[in-house]
Protein chains: 2
Amino acid sequence: MEKVDKIFEAALQLFTTKGFHGTPTSEIAKVAGVANGTLFHYFKTKEDLVNNLYLHVKNEMVDESVTGIEKIESLQLKMEYLWSKSIHWAMINPQKIFFIQQYMYSPYITTNTQEEVDIIKEVYINLIKEGIEKNEIENVPVDLVYIMATQQLFGIIQYLVMNPEKYHSTEFMNTAFNSFYRMFRKE
Amino acid sequence: MEKVDKIFEAALQLFTTKGFHGTPTSEIAKVAGVANGTLFHYFKTKEDLVNNLYLHVKNEMVDESVTGIEKIESLQLKMEYLWSKSIHWAMINPQKIFFIQQYMYSPYITTNTQEEVDIIKEVYINLIKEGIEKNEIENVPVDLVYIMATQQLFGIIQYLVMNPEKYHSTEFMNTAFNSFYRMFRKE
DNA sequence: AAATTTGTAGAGTGATTAGTCAATCAAATT
DNA sequence: AATTTGATTGACTAATCACTCTACAAATTT
C-alpha cells in the first residue's frame with residue numbers, strides 16, 4: 001500500500017472521529033505509520049490534505065456506482081442501479097459516507113474543491129437531463145433533482161446504518177427506492 | 001441582549017465559518033463583547049458551548065415551524081404548513097441551517113445531546129404516526145419517513161440558498177412541496 | 001446594612017501543534 | 001561512476017489555545 005493511501009486512510013478515520021482541527025497532523029502520521037515530514041512532503045498543508053481526501057472519496061463513490069451502467073437500457077433501471085450501488089458502497093464504507101456528510105458543508109473544503117466535485121457529478125446530471133427530455137422525469141430544475149436525489153440517498157443510508165438488518169430485506173429496499181423514484185418521476 | 005445570547009450568536013457565526021477547533025474561545029468572547037472568563041462562567045467547556053448551541057438552534061427551528069399548527073385540520077395541509085414554515089425560517093436564518101447541517105454528524109455533538117434532540121422532534125414523529133394510522137401516508141417505518149422528510153427539506157433549502165429568487169415563485173414552491181409529499185403519501 | 005451569592009473581568013500558564021529543516025537514503029539519469 | 005532527483009525521517013520552534021485564578025462589582029438574601 002502506498003504511503004499516500006495510508007495517510008488518506010488514517011486521516012479519514014481521525015477526521016471523522018475527532019474533527020479537522022481536533023486531529024494533530026502528528027497523529028495522522030503516527031496512525032499511517034509514516035514520519036511527520038512525509039505527510040508534508042505529499043500535502044503542502046493540512047487543508048491541502050483534507051481537500052484531497054474529500055475529492056478522493058467523492059471520486060471513489062461515483063466511480064463505484066457508475067461502473068457497469070452502460071449495460072442497462074431503461075432509465076428507471078439505470079437510476080435503480082446507481083441508487084443501489086451507491087447504497088451498497090456506503091454500507092461497506094460507512095466511515096467514508098460519514099466523512100462526506102460531515103465535510104460537505106464545512107469551511108475546510110474550498111470552493112475550488114467544490115467545483116472539481118461538480119465535474120465528477122456530471123454523470124448524474126446528464127442522466128437527469130436525459131430523463132427530462134424523454135419525459136420520464138418531472139420538468140423541474142436539474143440541480144434541484146440532483147440535490148433531492150442525493151439528500152434522499154443520504155437519508156436512506158443514515159437509516160440503514162442505524163438499522164443494518166433492513167439492508168437485506170428486499171421488501172424494504174423496494175419501498176425505499178420507490179419513495180426515491182416517486183419524488184420526481186413523471187406521473 | 002443577554003450575554004449568553006451574545007455568546008451564542010458569536011459562536012454560531014464563528015463555528016460555521018471557521019470550524020469548531022478552528023475558533024478560539026478567546027475570539028468568541030471578543031466577538032460577543034464579553035471577557036474570556038465570562039464565557040467559561042456560562043459554559044463549563046467549549047464542548048459544552050457547542051452542544052448547548054446546537055440544542056438552542058434545533059429548538060428554535062422546531063418552535064418556529066410548529067406555532068400555529070393547531071389551527072389546521074387536514075394532515076396534508078399540516079405537513080405543508082410545517083414544510084413552508086421551516087423553509088421560511090431557514091431563509092431568514094441561513095447561518096443556523098448551515099450550522100445544523102455541519103454539526104449534526106460531527107463528533108462534537110454528544111449522544112446525550114442527540115437524545116435531547118430526539119425529544120424535540122417528537123412533534124413531527126407524532127404527525128407521521130397519525131398519517132400512517134389514517135392511511136394517508138405509506139406504511140413505512142416512522143423513522144425512515146422522518147429522515148427522508150428532513151433530508152428532502154435540507155435539500156430544498158440548499159437549493160434555495162443558491163437560487164434565492166425561486167423562493168418567491170409560488171409555482172416553484174408548489175412543485176417542490178409536491179416532490180416532498182409524493183415521496184410518502186399513500187397512492 | 002451585613003452577609004452571601006452570582007456575574008464579570010482579563011492576565012497568566014502549561015500543554016499542544018502546524019509546519020520547517022537539515023540530514024540521510026534510494027532510485028533514476030547522465 | 002557521478003550526479004541529480006525525489007522520498008523519508010524526526011527533532012525542533014514559534015505561536016496558539018483552553019481553561020484557571022484572583023479580584024472586584026452587582027445583586028440578592030438575611
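All values below come from the heavy atoms of this structure, side chains included, with hydrogens, waters and symmetry mates left out. In this text the structure is predicted, and so the values were computed from the model without any measurement.
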Using whole Å, what does the distance between atom [atom2] of nucleotide [N] and atom [atom1] of [X] come to?
X	N	atom1	atom2	answer
A:E2	D:dG6	CD	P	17 Å
B:I28	D:dA18	CD1	P	8 Å
B:Y108	D:dA18	OH	P	11 Å
B:E27	C:dG10	CD	P	17 Å

Donor-acceptor side-chain pairing of B:N51 and B:T113 below 3.5 angstrom: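 Judged by distance alone, the side chains do pair up.
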Between A:N52 and A:D48, a side-chain donor and acceptor under 3.5 Å: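 A donor-acceptor contact under 3.5 Å links the two side chains.
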Closer than 4.0 Å, any side-chain N/O of [X] to the OP1 or OP2 of [N]?
X	N	answer
B:K6	C:dT8	no
B:Y42	C:dT8	yes
B:T38	C:dA9	yes
A:H41	D:dA7	yes
A:K3	D:dT9	yes

Those residues that, when tested against B:E64, pass side-chain contact (heavy atoms from CB on, under 4.5 Å) (two or more places apart):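 Scan of B:E64 (side-chain contact (heavy atoms from CB on, under 4.5 Å), adjacent residues dropped) gives B:E60, B:W89.
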All N/O donor-acceptor pairs, side-chain side in residues 146-161 of chain A, below 3.5 Å, sequence neighbours left out:
from, atom 1, to, atom 2, distance (Å)
A:T150, OG1, A:Y146, O, 3.0
A:T150, OG1, A:I147, O, 2.9
A:Q151, NE2, B:Q151, O, 3.2
A:Q158, OE1, B:Y105, OH, 2.5

Footprint string (nucleotides 19-29 of chain D, 5' to 3'): B base within contact, S backbone only, - free, heavy atoms under 4.0 Å: BB---------
Expected output: side-chain A:T23 to main-chain A:G19 donor-acceptor under 3.5 Å: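 Here the side-chain-to-backbone pair exists.
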Main-chain N/O of B:R185 paired with A:R182 side-chain donor or acceptor, under 3.5 Å: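 Checked: pair present.
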For residues 114-125 of chain A, run the donor-acceptor check on the side chains, cut-off 3.5 Å, and write out each pair with its distance to 0.1 Å, sequence neighbours left out.
from, atom 1, to, atom 2, distance (Å)
A:Q114, NE2, A:M104, O, 3.2
A:D118, OD1, A:K121, NZ, 3.2
A:Y124, OH, A:S65, OG, 2.7

All pairs passing ring pair (Phe, Tyr, Trp, His ring centres under 6.0 Å) where residues 51-73 of chain B contributes a residue, at least two apart: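 Every ring pair (Phe, Tyr, Trp, His ring centres under 6.0 Å) pair that includes a residue of residues 51-73 of chain B, provided the two are not neighbours, is B:F8-B:H56.
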DNA chain D contacts among residues 11-23 of chain B, heavy-atom distance under 4.0 Å: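 Heavy-atom cutoff 4.0 Å gives B:T23.
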Parallel, tilted or perpendicular: rings of B:F99 and B:F15 (30°, 60°):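 The rings of B:F15 and B:F99 lie parallel, inter-plane angle below 30°.
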